[in-house]
Number of protein chains: 2
Amino acid sequence: MKSAKPYIEKNKERFVDELVELLKIPSISADSTYKKDVLKTAEAVKKQLKKAGCDTVEICETPGYPIVYGEKLIDKKLPTILVYGHYDVQPPDPLDLWESPPFEPVIKKTKLHPEGAIFARGSCDDKGQMYMHVKALEYMTETDQLPCNVKFMIEGEEEVGSSSLEWFVSKNREKLANDVILISDTGMIAKDVPSITTGLRGLSYVEVEVTGPNRDLHSGLYGGAVANPINILTKMIASLHDENNHITIPGFYDDVENLSNEERMKMAEAPFNLENYEESIGINSVYGEKGYSTNERNSIRPTLDVNGIWGGYIGEGAKTVIASKASAKISMRLVPNQDWKKITELFKNHFESIAPKGVRVKVKPHHGGQAYVTPIDSLGYKAAEKAYEATFGKTPIPQRSGGSIPIVSLFEKELKSKTILMGFGLDSDAIHSPNEHFGVWNYLKGIETIPQFYHFFTEMSK
Amino acid sequence: MKSAKPYIEKNKERFVDELVELLKIPSISADSTYKKDVLKTAEAVKKQLKKAGCDTVEICETPGYPIVYGEKLIDKKLPTILVYGHYDVQPPDPLDLWESPPFEPVIKKTKLHPEGAIFARGSCDDKGQMYMHVKALEYMTETDQLPCNVKFMIEGEEEVGSSSLEWFVSKNREKLANDVILISDTGMIAKDVPSITTGLRGLSYVEVEVTGPNRDLHSGLYGGAVANPINILTKMIASLHDENNHITIPGFYDDVENLSNEERMKMAEAPFNLENYEESIGINSVYGEKGYSTNERNSIRPTLDVNGIWGGYIGEGAKTVIASKASAKISMRLVPNQDWKKITELFKNHFESIAPKGVRVKVKPHHGGQAYVTPIDSLGYKAAEKAYEATFGKTPIPQRSGGSIPIVSLFEKELKSKTILMGFGLDSDAIHSPNEHFGVWNYLKGIETIPQFYHFFTEMSK
């Protein structure tokens, strides 16, 4: 496979412009008021896949948002790569912290991105990284170098738990049959330190509601005499961690795999600078489970974080009230062997059990997914390794990520094939945060590297 | 003094209509978007005071919202009663729990108010109870029975801490000189159990903010490795009470007066039915400080309640984020001898001291006020007792209230006179809550009783 560099050089403005157009559509799957925009984005992806060379592209209806499926099958005897990505994005709030509107993309230079980065919600997660694959296909078809069959499956519910994907995959095993699944929805350690994500954490996301009195009460007349749902909620949440920041839910750690010291030492070799880490997010000290390093805490250890909390009067000024209800959104990141459905059940039972008299507690499971680990001796991993070597001149480092792509383990179960996670974003790209961005260099480097994967995977499959 | 009953009977429709008009103006002092309405309410009160018989009425500018002052001075040698009330109201949220719009008053019959109750924000607290005094003055002037001098001071910042009132009172000691202060901004035990509030709790209201990372973070990539401001805030708040629901702030109880067993036994005689209490607010159990009864917990004991909490993603669906900040509004109800400024300082120092590394904490004092106790052997109390006996045919029960009217102790300090708290609302009137209401019977009973207080106070002063 010839290097895509010259082609990219010639077309890079257009590659960026096309992505910018896609980023202008606020495809927020978590907020139903954006339904039209989510559907509009699916249409845009369909159009681009067709232009890039897919023979057939269809918008497949699901119980939720549609899945865009496209394929170019050149020879039954050749291997087939299934590319997965998502066209939906996270909500942009808090809006006031964005330096430019989240859906009006701008390109700005940063310390880490001297060539410029595209600032917009979804620029990195995942529209930008998904679109690298569309442009890589364009390169291979335009230059007549596509070495194998390719299928695209781009969904619109990844940020809300991919609830329709399982339904779709189980109904279309034949259609989706493949030899390897390729996803770019993770990051790399640094621009000069390419890495392949070999581990992902699982997820259990729940919403809890504590109800006390049947109406808001005057905190003077009733204060001290009735359970205050907010005080109770804080007590209950606080009790979920002990003084060493271990999670106190009975049975929570039962299935957690404990890495050997050798594995932990190998992990510790990955380049990491604590000062830079703390400085990059403006904290004076890290914080977490006793007995583990920062890199271990956010990759091989399960966590419990409150993602949102609300109750009572949150307006301007003061209101002396005891709220009738208080609520919180809580997510747990899980590690291999922990089953998210079991953990969700453990959480529910425990949380309900610690509610004191005087309040009622509701636990509503939102969604979840299993953790995943890719073996580094698989064909796909070795092909990815060679692809990076070809474009970066370096062997990529296998890396455990703290994030979750719940559907990866689903794919293995339903489609019986391994997933390769080639990520080109940086941790500092602020995905899920205000001012999310994606380096233009990273974007083009992805487009350059992906065809090499197609090449080596096909070669090594012979 | 002749009974006001016939006059009230003849004018009650108008009395209700006038109050309804006043209730239509959303005078929410906590929310600056309602500034025009707050000022409009002051004008309306001025107009009504003039019509009711005040010789002079003025709208006195202050650093905050104006104070409406009116007076009718008939004879220097006669005693002077200063009536205090407030024309501002609490914010109405949560709006969705109101059965009718908070500023579109409707009259509905209820179990406790078979003669009908006026449903609207401010109907009881305090527009309705304040307006009883305006109508009582009208009765006395129209029927030529006003036995003494009267001054009105109606403010517009009571629900946000009366911050301008201290300034105003200290500047106008002469103008406000009086022999007794009369306030209706409290409740009575039941329609057939008249009571006079002899004790009020003090208040310290603060807002806290916990900041971790300088931006919202992806809870997968960073979860477990950095302090989550929401988790930390819940831990810090939860630690403010121990397992017996005692408050853990060092020095918090130092100045709390401990009532004698005799006093506690006297309190216990007030009619109280725990089942009805629990049923009226829809809880299966009361909750509070170990070693004290419900009536003690909400009157003679200090408390700490979270009035509002917010942080992270609180929209529809799920967002896997670690918020940069989390905040809460916290109020402490104080008892006699506790100094609110000292308690605020103790809270601030303690709360800042328990913040772990990795977060920064801000504590912003909102406002506060001292607790107060009226001696039941004072002239004013005895006159009030006789007034109730005249209209209810029963001796009122002295009652400690859990609520706070911070300015009562200010009045004693600045004006050297005692305050009499004649309240006609019921605890079940839902002040500060959705569907606040005020019984028409209570409203008219107040208008009937107040002139009797003028009569007996003047008589006993001779």
Side-chain angles (χ1 to χ4, degrees), chain A residues 30-31 90-91 160 205 213-216 218-228 230-231 234-235 237-238 281-283 285-288 294 297-298 301 303 305-322 331 333 357-358 366 402-404 427 431-434, chain B residues 30-31 90-91 160 205 213-216 218-228 230-231 234-235 237-238 281-283 285-288 294 297-298 301 303 305-322 331 333 357-358 366 402-404 427 431-434:
Chain A
D31 186 342
Q90 280 276 318
V160 289
Y205 199 111
N214 55 13
R215 56 182 169 92
D216 288 5
H218 185 293
S219 69
L221 302 184
Y222 291 89
V226 303
N228 178 325
I230 302 177
N231 288 75
T234 62
K235 233 185 180 49
I237 290 173
I281 54 177
I283 57 174
S285 167
V286 290
Y287 181 93
T294 292
R297 286 167 173 171
N298 63 19
R301 297 297 295 171
T303 65
D305 274 298
V306 182
N307 302 111
I309 191 166
W310 66 99
Y313 182 67
I314 64 180
E316 190 190 339
K319 186 167 191 263
T320 49
V321 68
I322 293 176
S331 67
R333 296 284 169 170
K357 270 189 175 181
H366 253 299
S404 308
D427 278 1
I431 67 172
H432 290 213
S433 304
Chain B
D31 186 342
Q90 280 276 317
V160 289
Y205 199 111
N214 55 14
R215 57 182 169 92
D216 288 5
H218 185 294
S219 69
L221 301 183
Y222 291 90
V226 303
N228 177 326
I230 302 178
N231 289 75
T234 62
K235 234 187 178 51
I237 290 173
I281 53 176
I283 57 174
S285 167
V286 291
Y287 181 94
T294 291
R297 286 168 173 171
N298 64 19
R301 297 298 294 171
T303 65
D305 273 299
V306 181
N307 303 111
I309 191 167
W310 65 100
Y313 182 68
I314 64 181
E316 190 189 341
K319 186 168 192 262
T320 50
V321 68
I322 293 176
S331 66
R333 297 284 171 171
K357 270 190 176 179
H366 254 297
S404 306
D427 279 2
I431 67 171
H432 290 214
S433 305

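Proteins get letters first, then strands, A, B, ... in listed order; numbering begins at 1 in each.
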Review point. Among D31(A), N231(A), I283(A), which has the most heavy-atom pairs under 4.5 Å with chain B?
Key: N231(A)
Exercise for review: Taking side chain to side chain contact (heavy atoms under 4.5 Å, CB included) as the test, write out the residues that go with V160(A), two or more places apart.
Suggested key: S29(A), A30(A), E157(A)
Review point. At a heavy-atom separation under 4.5 Å, does S331(A) approach chain B through its side chain, its backbone, both, or neither?
Key: side chain
Review point. Got a second to check how far Y222(A)'s OH is from T320(A)'s OG1, nearest 0.5 Å?
Key: 13.5 Å
**Study point:** I237(B) and I230(A), any side-chain heavy atoms less than 4.5 Å apart
**Key:** no
**Study point:** Atom group of R333(B) that falls short of 4.5 Å from chain A, counting heavy atoms
**Key:** side chain
Check your understanding: Between the side chain of D427(A) and the main-chain N/O of L221(B), is any donor-acceptor distance below 3.5 Å?
Key -> no
Check your understanding: Would you say the side chain of I322(A) lies within less than 4.5 Å of the side chain of H432(B), judging by non-hydrogen atoms?
Key -> no
Exercise for review: Could you tell me which of S433(A), G312(A), G315(A) has the largest number of non-hydrogen atom pairs under 4.5 Å with chain B?
Suggested key: S433(A)
Review point. Between V306(A), I431(A), N228(A), which residue shows the highest count of heavy-atom pairs closer than 4.5 Å to chain B?
Key: V306(A)
**Study point:** Pair R297(A)-V286(A), side chain to side chain contact (heavy atoms under 4.5 Å, CB included): steps then yes or no
**Key:** CA-CA 10 Å; R297(A) 286 167 173 171; V286(A) 290; 4.1 Å; yes
Review point. Who pairs with Y313(B) by ring-ring contact (aromatic ring centres under 6.0 Å, His included), at least two apart in sequence or on another chain?
Key: none
Check your understanding: Side chain, backbone, both or neither: which part of T303(A) has a heavy atom under 4.5 Å from chain B?
Key -> side chain
Revision key, fill the gap. Bottom line for H218(A): the part with an atom under 4.5 Å from chain B's heavy atoms is both
Revision key, fill the gap. Note: vs chain B, highest number of non-hydrogen pairs under 4.5 angstrom among G282(A), G308(A), G288(A) is G308(A)
Revision key, fill the gap. So, the part of P434(A) with a heavy atom under 4.5 Å from chain B: the answer is side chain
Exercise for review: Heavy atoms only, distances under 4.5 angstrom: which of D305(B), N298(B), T294(B), D216(B) has the most pairs with chain A? Name it, please.
Suggested key: D305(B)
